[in-house]
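Below you'll find the structure, written out as structure tokens, and then a few comments.
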Amino acid sequence: MNNVSCALTIAGTDPSGGAGIQADLKTFQELQTYGMSVITSVVAQNTTGVTSVHHMPINMIEDQLEVIIKDMPIHALKTGMIANKQMMEIISKKIEKMDAPYVMDPVMVATSGDSLIDTEARSFLREYLLPQTALVTPNIPEAEFITGHSIETLEDMKDAAKHIVDHFNADAALIKGGHMKAEAVDFLYDGSAMHTFSAKRINTKNTHGTGCTYSAAITSYLAKGYSMVEAVQKSKDFVTAAISKSFELGYGNGPTNHWAIRER
Ligand SMILES: Nc1ncnc2c1ncn2[C@@H]1O[C@H](COP(=O)(O)OP(=O)(O)O)[C@@H](O)[C@H]1O
Ligand SMILES: Cc1ncc(COP(=O)(O)O)c(N)n1
């Protein structure tokens, strides 16, 4: 009987290693979970921006999901970049077959400012995928899009978390405060209570992939059987440490995941 926790990421790629599938798998491995991955889009990008994108044919996404569902245990899963409605439809159908907590990182725009999802998909995400989530982890711009409300204050962040759970039927919503000016504070609403996760803001440009790393860490801890609040707290500590020890790589917003080449 294997006692390994298995985590699945369904996302796009980042050849520079800082975000997407690459960041997710590095995070799964660092947190001792067995990582599996389904690629939705191949993205030519680095720390300065996106050059081009190739979307996987829908049947290729379906086949990648099916071969995992048929053969491997899935203890928790996350989605990252899902570029269009057709992808979301097939992914939503397959998630229904997985009896595992689903973390949605509603990736819409890269830190570089490049859009990673089309407008139709943004709306479809709210109707079809959100109600399936154990947790959705929008940053401020993504939360503003999902709720249709502007977010200027910490109270606005809490209202947005509650709105997403109450109106879009996500089990829980974690609004990430990286885009705010003050402390790096995030709010989790789980349907009954509001939880605050705060850290000192680190003065760095190396924030490429912070959201991917954070949601992948939460997925790992859920796969290991931690409660949602425990998983978020441990992941907050993990992503804060990753940012604080990040390497100066790339000419743009450097990658967060410092452990990729840490001496063992
Ligand atoms: N400069 C920073 N210092 C400390 N924590 C940060 C910083 N920037 C982002 N974070 C934290 O990193 C996590 C990811 O948030 P964010 O960067 O907003 O996500 P995204 O990559 O989706 O935009 C959150 O916990 C946020 O508070
Ligand atoms: C394939 C993919 N997924 C997610 C992100 C978001 O990462 P970030 O917001 O840090 O640029 C990205 N740049 N590329």
Side-chain angles (χ1 to χ4, degrees), residues 9-27 37-56 78-83 87 103-117 135-146 151 154 157 160 173-188 195-218 231-246 250 252-257:
T9 174
I10 305 167
T13 65
D14 171 7
S16 73
I21 292 273
Q22 284 85 345
D24 294 344
L25 290 174
K26 290 179 188 178
T27 300
S37 60
V38 168
I39 292 176
T40 55
S41 303
V42 177
V43 184
Q45 64 174 311
N46 58 24
T47 63
T48 65
V50 173
T51 303
S52 60
V53 183
H54 172 70
H55 299 315
M56 283 291 120
K78 67 156 277 186
T79 58
M81 175 184 174
I82 309 176
M87 289 186 185
V103 177
M104 176 202 284
D105 179 3
V107 171
M108 293 183 187
V109 178
T111 296
S112 55
D114 297 281
S115 176
L116 294 169
I117 175 172
L135 176 71
V136 60
T137 65
N139 60 26
I140 298 296
E142 291 157 352
E144 289 181 323
F145 174 79
I146 293 171
I151 298 175
L154 300 184
M157 290 175 68
L174 176 67
I175 311 298
K176 302 174 293 187
H179 291 239
M180 299 293 263
K181 293 281 162 283
E183 294 279 278
V185 60
D186 315 330
F187 294 104
L188 169 71
H195 306 269
T196 305
F197 303 91
S198 189
K200 279 240 158 304
R201 179 163 294 279
I202 297 157
N203 181 17
T204 175
K205 68 173 181 50
N206 300 335
T207 56
H208 177 55
T210 45
C212 305
T213 298
Y214 197 18
S215 57
I218 294 168
V232 173
Q233 182 57 67
K234 294 173 86 71
S235 302
K236 176 66 171 175
D237 297 342
F238 181 79
V239 74
T240 303
I243 297 168
S244 65
K245 297 178 198 149
S246 57
N253 296 86
T256 292
N257 48 24

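Both counts, for ligands and for their atoms, begin at 1 and track the order of listing. In what follows, residues are counted from 1 in the order of the sequence shown.
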Worksheet item: Applying a strict 4.0 Å limit to heavy atoms, is T240 in contact with ligand 1?
Response: no

Item to complete: Before signing off on this row, confirm whether T13 and ligand 2 have an N or O atom pair separated by under 3.5 Å.
Response: no

Worksheet, complete the sentence: To atom 5 (C) of ligand 2, the nearest of N253, T210, L116 on a heavy-atom basis is L116

Item to complete: State whether the shortest distance between N or O atoms of G209 and N or O atoms of ligand 2 falls below 3.5 angstrom.
Response: yes

Practice prompt. Please answer whether the main-chain N or O of K176 pairs with a side-chain N or O of N139 as donor and acceptor at a distance below 3.5 Å.
Written response: no

Worksheet item: Do G211 and ligand 1 have an N or O pair less than 3.5 Å apart?
Response: yes

Practice prompt. May I ask which of I243, N253, T210, V107 has a heavy atom nearer to atom 10 (N) of ligand 1 than the others do?
Written response: I243

Item to complete: Nearest 0.5 Å please: distance from the CD1 atom of I21 over to the OG1 atom of T40.
Response: 6.5 Å

Worksheet item: With a 4.0 Å heavy-atom cut-off (strictly under), which part of A110 contacts ligand 2: side chain, backbone, both or neither?
Response: both

Practice prompt. Would you mind running through ligand 2 and noting each atom that sits below 4.0 Å from a heavy atom of T207?
Written response: 10 (O)

Item to complete: Check each atom of ligand 2 against the heavy atoms of G12 and keep those under 4.0 Å away; list them by number with element.
Response: 1 (C)

Discussion item. Test of understanding: given a 4.0 Å heavy-atom threshold, classify the contact between T137 and ligand 1 as side chain, backbone, both, or neither.
Written reply: neither

Discussion item. Please list, in number order, the atoms of ligand 2 under 4.0 Å from a heavy atom of V107.
Written reply: 4 (C)

Discussion item. Considering both backbone and side-chain atoms of I202, is one of its nitrogen or oxygen atoms within less than 3.5 Å of a nitrogen or oxygen in ligand 1?
Written reply: yes

Item to complete: Examine D186 against ligand 1 and note whether any of their N/O atoms are separated by less than 3.5 Å.
Response: yes

Worksheet entry | Residues which pass side-chain hydrogen bond (donor to acceptor under 3.5 Å, both in side chains) with T137, listed by chain and number, not counting sequence neighbours | none

Discussion item. Does any N or O of ligand 1 fall below 3.5 Å from an N or O anywhere on N139, backbone included?
Written reply: yes

Worksheet item: Taking both backbone and side-chain atoms of D14, is any N or O found less than 3.5 Å from an N or O belonging to ligand 2?
Response: no

Practice prompt. Report the part of K200 (side chain from C-beta onward, or backbone N, CA, C, O) that has a heavy atom under 4.0 Å from ligand 1; answer both or neither where that applies.
Written response: backbone

